[in-house]
Protein chains: 2
Amino acid sequence: MTIVAKNLHPTVTTGPLPASRKIFVPGELHPDIRVPMRQISLHPTSGEPPVTVYDSSGPYTIEGADISIEQGLAALRRDWVLARGDVEPYEGRRVRPEDNGFASGDRLTPEFPTKRQPLRAKDGKAVTQLAYARAGIVTPEMEFIAIRENLGRKAQAGTMLRDGESFGAHIPDHVTPEFVRQEIAAGRAIIPANINHPESEPMIIGRNFLVKINANIGNSAVTSSMAEEVEKMVWAARWGADTVMDLSTGRNIHNIREWIVRNSPLPIGTVPLYQALEKVEGIAESLTWEIYRDTLIEQAEQGVDYFTIHAGVRLHYIPLTVNRVTGIVSRGGSIMAKWCLHHHRESFLYEHFEEICDICRAYDVSFSLGDGLRPGSIADANDAAQFAELETLGELTRIAWAKDCQMMIEGPGHVPMHKIKENMDKQLAVCGEAPFYTLGPLTTDIAPGYDHITSGIGAAMIGWFGTAMLCYVTPKEHLGLPDRNDVKTGVITYKIAAHAADLAKGHPAARIRDDALSRARFEFRWEDQFNLSLDPETARSFHDETLPKEAHKVAHFCSMCGPKFCSMRISHDIRSEAQKEGLEAMAARYRDGGDLYVEVSSIEAPGA
Amino acid sequence: MTIVAKNLHPTVTTGPLPASRKIFVPGELHPDIRVPMRQISLHPTSGEPPVTVYDSSGPYTIEGADISIEQGLAALRRDWVLARGDVEPYEGRRVRPEDNGFASGDRLTPEFPTKRQPLRAKDGKAVTQLAYARAGIVTPEMEFIAIRENLGRKAQAGTMLRDGESFGAHIPDHVTPEFVRQEIAAGRAIIPANINHPESEPMIIGRNFLVKINANIGNSAVTSSMAEEVEKMVWAARWGADTVMDLSTGRNIHNIREWIVRNSPLPIGTVPLYQALEKVEGIAESLTWEIYRDTLIEQAEQGVDYFTIHAGVRLHYIPLTVNRVTGIVSRGGSIMAKWCLHHHRESFLYEHFEEICDICRAYDVSFSLGDGLRPGSIADANDAAQFAELETLGELTRIAWAKDCQMMIEGPGHVPMHKIKENMDKQLAVCGEAPFYTLGPLTTDIAPGYDHITSGIGAAMIGWFGTAMLCYVTPKEHLGLPDRNDVKTGVITYKIAAHAADLAKGHPAARIRDDALSRARFEFRWEDQFNLSLDPETARSFHDETLPKEAHKVAHFCSMCGPKFCSMRISHDIRSEAQKEGLEAMAARYRDGGDLYVEVSSIEAPGA
């Protein structure tokens, strides 16, 4: 339901999901941390405890939470950051007209009401989670994540099955803060947590943790407003997005982003090149390192948690794309390619990469190295251009690591099923196990309007193979800008892909929810089945289309098969029969049951 | 659009898809056969020929076709069947009140207006495509299929790439009628083609052919009518279903099925046990072999093309299901289990299997051996009960083959990704490469309302691994009876899965449509992009939500990125730049481009 958040516009969706309440688990190393989780209560007849699930939705789903979009969320991490004693507040960059595409008057999105002084590292220090991890420090962020990822595992202690194929991932039975530190130190995982985004709840992206999903939002020159984008962020978080990328273009980029960041419990990612291009009126050739650099600082001061940077698109790779079916389909990649070609120069992103690292380490902005040459069609998958760029991404990863910067790598795109694993294997080898962050991949080109599905197939598979975060694709992909409903469809589809991957990798806690829902299904606890599902509202409404009455919520059938043909109802009859006559007897008959066999004359299989 | 078909109710959806016309390719061995295909014409600026796609939609999509639901479709195959001289018309079984659940008066669905005498084999002959194939006869059905499956391959001759991983499938560059015969003779493929369903267009189900999909329709005791079911069948065919299963329960089963079969260009499958159970008022214990046998003949005379028969559910397997999380989830499986347990007898389906074969061989009804013990939850996947039944299905396959009966095997169900391939490999080994026909599998239990997606992931994978036909799952799975929209969503989702599988298997013609659509996308031929997609109406409407004007149909951008950020537009600029300056020069610079490199001090990857 949409509720007007107190005393203001814009409004966002608030309130808990059905049968759910938010609980907070305290830290041990850091007693002041409180890790949010969602507890789904089951019907008393189940005789089962509530099911606890990972909850990225933020304060918006707390019963009766006092939400004020114009105040923003509480600065959860502020004290942790200050306590480290390695940052200082400073005046910060002044907002300029071009930051908002020279929008003015009615066309200018109002500034966010309150302004905090930005923080940055003191005298060149690295204030990244990677730097702390290497120094042996377990930060509050790390313990927060350990508790968060452990979800339900304690309850399962002992009884957990390790059933899966992890393709070399090492998922522990129990995640300790020290394990988190080690994974960060090794570069196998990142915690996107800009010191200027204290409102964010720590989360981790790495192959040995739960598979995460990202939702893209953002207006374009053609459509959408600030209020819509803030609601899209809250809405995406409500349904399970782990991070959000603000891909806004057009005017008001700066102010819209400020509203999003101040209200986001999720790490926020951006592609700084988009805003830089707006500052030069959309003329790629007019881009300069100075304008780009200034944009990085602008966004780092606002609190952007990770930057997509297409530094792997080098001048001499461009010829490799000229005979492709779909050329260059990454926006950032095509802009940089155009710049390189026009000026006949190497990419300024590549040439100034170490300076970019110096900026990121001063705010702990994580890298998401863009795959500017990713394939945009089945025909272009795994081609020379794509893999040439990947080599460069590996080279840049080592530079960033040497600067104590956190690094993940973006991946394709459009890839047929038989070519997906090669992408994962190459990325692990070339990029030293830095986390992989893929868009889909789409497994066919022929279904515009359904690309959440063509890509959900590829996403589930590459997530299983080792991708740490899956960037969602909505039904509007290739056709238009996603609206609120498209965002929900994209998020739910990708939660399915990520969870299917966790199950297949053998994540020890992944099956808890499946089993609880299946027991509810088998016992005709319809309410529990709805409440345990990824989208309780849709599950309930589909059921109620044909059987709306409350009485039907305990009926031992549904309209799919009707009463006489309900296999589950019959299974219960079978169990009582079986109990009557004794399982032992039946089992015995099973063992020696020879007399039940009919003679089968052994017959040859037919020949051609 | 829905058009009232001439001079009658009920109405069905007719008319060609956008920019499409039906063409007919004649046979060579059998000049009278005319194989329907759909030609999608492209915009003149493309300079490309029309794209020809597989077309299972039947006469309903012929421009201005004269459709009369009350007359049914033309008896396309009637002469081919009679020409073989091995069948005879006969009086046939009289319809009894229980055939329609004792419905009467207003509640009785009217009989189909015209009645044809049923055909059956003369004196015990086998009139199956398998019998002919073994005798070295290439039937018209086989040549029809060879032409149909070759789709576009001749156009590609020479240029075809064989890029894929087929896991042991042997897909030829070109399908000959003789190849079809050999695959049928070997039992690796089936042609469901009851001699009493001459309206059907021949199609093949086998691992070395295009992956097929089935759509389930049928009313339940709770909802739906004959008119709705006929339209669902036509609608499913329109969007690409290859076969339809009529899973009707409740009253009027006989008459509803007659309307469906007489109007269906697709093979029709049923689960005869459902109607048999209705005949005994839904009391499983009251079922007898005689009632079941009579139902098989009733349906064989009507023209049902394949029977799902749960003969693998044996008494001594039932104890294996008692401790499952979701027991027995197959309707037919649970009914037979209940019968076995109650009577303490072996299944009459198992004991009378050879007699069932004798009925099927007299009408050429194909078998679809039901997996009555398939898992209904992730927890129960690949368990002892499931694989014990599979062994029995292998044993029954050999019996059916010895009787010249065509055989396919049904598969799960709910299976996590890492356990999917084991299902395919075991089935191939145990059932002598008889075609596998799977339901999904669903890769997680936690998304009721989205099970077309949870299962589409598993379907694409198992299709790649070798499953010959994928049974769709709609968004209503577990919750209710699918309506017309759910049927479309299920069919499109499964066309995606089947096509993704064909691509990954390396089917030589599969990529033609992807490449054509991607070229259209890259050249901003929006109309072509819509028309080449699986669902042109949805693609167009999504695009037009934000950019409805006709002018936008040639615009070099869409609302997703807007003009300045359209990577494809920029790619075209890059190409013209590239052409200006000469690819050769660039390529050269690429080869020796050392001067473009910046020095990278080689740095160690970080240690833990």
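Sequence lines set the chain letters: A, B, ... in the order given, protein chains first and strands last, and positions in each chain run from 1. Because the structure is predicted, anything quoted here is derived from the model rather than measured.
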### Pair A:Ile570-B:Ile328, side chain to side chain contact (heavy atoms under 4.5 Å, CB included): steps then yes or no
CA-CA 8 Å; A:Ile570 297 170; B:Ile328 300 176; over 6 Å; no
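- The residue among A:Gly282, A:Ala539, A:Ser541 with the most heavy atom pairs within less than 4.5 Å of chain B is A:Ala539.
- Taking chain A as the reference chain and counting heavy-atom pairs below 4.5 Å, the highest number among B:Lys476, B:Met568, B:His452, B:Glu165 is found for B:Lys476.
- Looking at B:Lys495, there are no atoms closer than 4.5 Å to chain A (heavy atoms on both sides), in backbone or side chain.
- Going from atom CD of B:Glu545 over to atom CG of A:Asp483 covers 6.0 Å, rounded to the nearest 0.5 Å.
- The most heavy-atom pairs under 4.5 Å with chain A, out of B:Arg513, B:His414, B:His572, come from B:Arg513.
- Proximity of a side-chain donor or acceptor of B:Ser533 to a complementary backbone N or O of A:Pro448 within less than 3.5 Å is not detected.
- For A:Arg519, the parts sitting under 4.5 Å from any heavy atom of chain B are the backbone and the side chain alike.
- Under the side chain to side chain contact (heavy atoms under 4.5 Å, CB included) test applied with B:Ile453, the options A:Thr489, A:Ile457, A:Ile496 reduce to a single match, A:Ile496.
- Remark: A:Asp515 CG to B:Ser377 OG distance equals 7.0 Å, nearest 0.5 Å.
- Proximity to chain A (any heavy atom under 4.5 Å) is restricted, for B:Glu281, to the backbone atoms N, CA, C and O.
- Looking at B:Ser330, the atoms closer than 4.5 Å to chain A (heavy atoms on both sides) all sit in the backbone: N, CA, C or O.
- The contact between A:Arg324 and chain B is made by backbone and side chain atoms together, counting heavy-atom distances below 4.5 Å.
- Residue with the most contacts toward chain A among B:Asp404, B:Asp535, B:Asp163, B:Asp486: B:Asp163 (heavy-atom pairs, distance under 4.5 Å).
- Proximity to chain B involves both the backbone and the side chain of A:Leu534, based on heavy atoms less than 4.5 angstrom apart.
- For A:Thr321, the part sitting under 4.5 Å from any heavy atom of chain B is the backbone (N, CA, C, O) and nothing else.
- In this structure, chain B has no heavy atom under 4.5 Å from any part of A:Leu247.
- Using modelled atom types, no side-chain atom of B:Arg521 and backbone atom of A:Thr326 make a donor-acceptor pair closer than 3.5 Å.
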### Task
Decide yes or no on side chain to side chain contact (heavy atoms under 4.5 Å, CB included) for A:Glu477 and B:Phe542, but give the supporting numbers first.
CA-CA 9 Å; A:Glu477 184 73 14; B:Phe542 281 3; over 6 Å; no
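- Residue B:Thr444 holds its OG1 atom at 4.0 Å from NE2 of A:His499, rounded to the nearest 0.5 Å.
- When heavy atoms are compared at a cutoff of 4.5 Å, A:Ile492 approaches chain B solely by way of its side chain, counted from C-beta outward.
- For the residue pair A:His418 and B:Leu503, the shortest heavy atom distance occurs at CE1-O, 3.7 Å.
- The CZ atom of B:Arg511 sits 8.0 Å away from the CD1 atom of A:Ile378 when rounded to the nearest 0.5 Å.
- Closest approach of A:Thr546 to B:Gly480, counting heavy atoms only: OG1-CA, 4.5 Å.
- When atom types are taken as modelled, the side chain of A:Ser567 and the backbone of B:Arg331 share no donor-acceptor pair closer than 3.5 angstrom.
- Between the B:Asp445 side chain and the A:Ser518 main chain, no donor and acceptor come within less than 3.5 Å of each other.
- Taken from NE2 in B:His342 to CG in A:Asp573, the straight-line distance is 11.5 Å, to the nearest 0.5 Å.
- Proximity to chain A (any heavy atom under 4.5 Å) is shown, for B:Phe353, by neither the backbone nor the side chain.
- Interatomic distance, B:Leu479 CG to A:Thr538 OG1, rounded to the nearest 0.5 Å: 10.0 Å.
- Per-residue counts of heavy-atom pairs under 4.5 Å with chain B were compared for A:Gly449, A:Ala459, A:Ala501; the largest is that of A:Gly449.
- Residue B:Pro475 touches chain A through both its backbone and its side chain, counting heavy-atom pairs closer than 4.5 Å.
- Scanning all heavy atoms of the two residues, the minimum distance from A:His478 to B:Gln529 falls at CB-OE1, 4.0 Å.
- Comparing B:Thr443, B:Ile446, B:Leu517 by heavy-atom pairs within less than 4.5 Å of chain A, the highest count is held by B:Ile446.
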